[in-house]
There are 2 protein chains.
Amino acid sequence: MSTRALRKEEEENLLRRADDLCRQNNLRLTPIRERVYRELVQSGGPVGAYDLVDRLSSDKKRLAPVTIYRALDFLRDAGLVHRLATQNSYVVSHGQPDVNAMKIMFVDSKTGETIEVHSTEVAEAVRKAAEQAGFKSVSPFMEVEGELSR
Amino acid sequence: MSTRALRKEEEENLLRRADDLCRQNNLRLTPIRERVYRELVQSGGPVGAYDLVDRLSSDKKRLAPVTIYRALDFLRDAGLVHRLATQNSYVVSHGQPDVNAMKIMFVDSKTGETIEVHSTEVAEAVRKAAEQAGFKSVSPFMEVEGELSR
DNA sequence: GCCGCTAAGTAATAACATTACGTAAAACGA
DNA sequence: TCGTTTTACGTAATGTTATTACTTAGCGGC
């Protein structure tokens, strides 16, 4: 089976999981929201909001930035998408939500390529550090810039 | 001694250390760069670039944004200042540079208040996770959002 | 003095994100 | 089923953050 087909399968998996998640939580995965999510899935990496505007606009119909931002807000709230603050871009969140794990987005400083890793060890270490700092709870997401080994 | 005086003393310490650092590395802490750094030190927390423009501008002389951004770039390269990507703001980096420690900026989601903690434990855990992800080196800075206990 | 380099001035614009307000359709209760 | 409420999206304008391109000024070495 081709890599292409594998990826296609994975795409469909993600879409289906998103659909299920929304169904189970009474969230409405509207056409626009699904198109935005699908575009992020297919891109395989971080995409900027205005890039999404372009990609989802046709000659006939141009979407407004705010439309994309609204969809992104929804997807972020649903935990399906993560915002990369250092890159002003958005990327699908992989892996089943594990409450105890830190979701680390490693971002390649050069290319912007990202890889997501979940780590309970990091979560625990960060939790301790947070305590020191007087923080009672911390986001389960973080972003770390680095260099991909090639 | 008053808290005010203590803070003042701390400010002077930071300024002196910055000065030393630049001297030792043949970096030029020009008047503008020093003013930007001083403003950040005095604010005691994160400040936006355009805020700095306003604060460092007088009626007579208005600084251009690019002037501030250039100073911030310098200070960041020197390791004196850290950019908070989630907040679009800039904050002084405290603590002596420890190569083996992760410099974690905890950011209060409500107020934007920050506290910096250095942790070798987190650094080690992140390094391991990075290896899994195929990253060979990672930034010694990270930003974590959370909630300050009050 | 002149050269070469770095910093800063100036103007414009790019890139990213939000506010405000109107319309339409879905969801909900009586 | 009707009216009300809520949610999503359209539309336009604007706000906020950051950069590019080019020019001018200052400083150090020769």
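In what follows, chains carry the letters A, B, and so on, assigned in the order in which the sequence lines appear, proteins first and then strands, with residues in each chain numbered from 1.
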Salt bridge (Lys or Arg N to Asp or Glu O under 4.0 Å) with B:E10: which residues, sequence neighbours excluded?
-> none
Can A:S43 and A:Y90 be said to form a side chain to side chain contact (heavy atoms under 4.5 Å, CB included), step by step?
-> CA-CA 11 Å; A:S43 82; A:Y90 304 84; over 6 Å; no
Is B:R83 touching bases, backbone alone, or none of the nucleic acid, heavy atoms closer than 4.0 Å?
-> sugar-phosphate
Any side-chain heavy atom of B:P46 sitting closer than 4.5 Å to one from B:H82?
-> no
Considering the terminal five base pairs at each end of the helix from C:dG1-D:dC30 to C:dA30-D:dT1, what angle separates the two local helix axes, rounded to 10°?
-> 30°
Taking only heavy atoms on the protein side, list every residue of residues 46-54 of chain B lying under 4.0 Å from any atom of DNA chain C, sorted numerically.
-> none
Looking only at atom types and distance, does a side-chain atom of B:R33 sit under 3.5 Å from a main-chain N or O of B:L75, one as donor and one as acceptor?
-> no
For A:E12, check salt bridge (Lys or Arg N to Asp or Glu O under 4.0 Å) against everything at least two apart and list the hits.
-> none
Just do the side chain to side chain contact (heavy atoms under 4.5 Å, CB included) check on A:L52 and A:L40 with the steps written out, would you?
-> CA-CA 8 Å; A:L52 289 168; A:L40 285 170; 4.2 Å; yes
Return the residues of residues 30-40 of chain A meeting this criterion: a heavy atom under 4.0 Å from some atom of DNA chain D. Order them by number, or give none.
-> A:T30, A:I32, A:R33
Is B:K61 near enough to C:dT10 that one of its side-chain N or O atoms lies under 4.0 angstrom from OP1 or OP2?
-> yes
Are A:F135 and B:M142 connected in a single hydrophobic cluster, I mean Ile/Leu/Val/Met/Phe/Trp/Tyr linked by side-chain heavy atoms less than 4.5 Å apart?
-> yes
Answer yes or no: is there a donor N or O on one side and an acceptor on the other, between the side chain of A:S109 and the main chain of A:E147, under 3.5 Å?
-> no
Would you kindly confirm whether B:I115 and B:I104 end up in one hydrophobic cluster when ILVMFWY residues are joined by side chain heavy atoms under 4.5 Å apart?
-> yes
Neighbours of DNA chain C within residues 67-79 of chain B, by heavy-atom distance under 4.0 Å | B:T67, B:R70
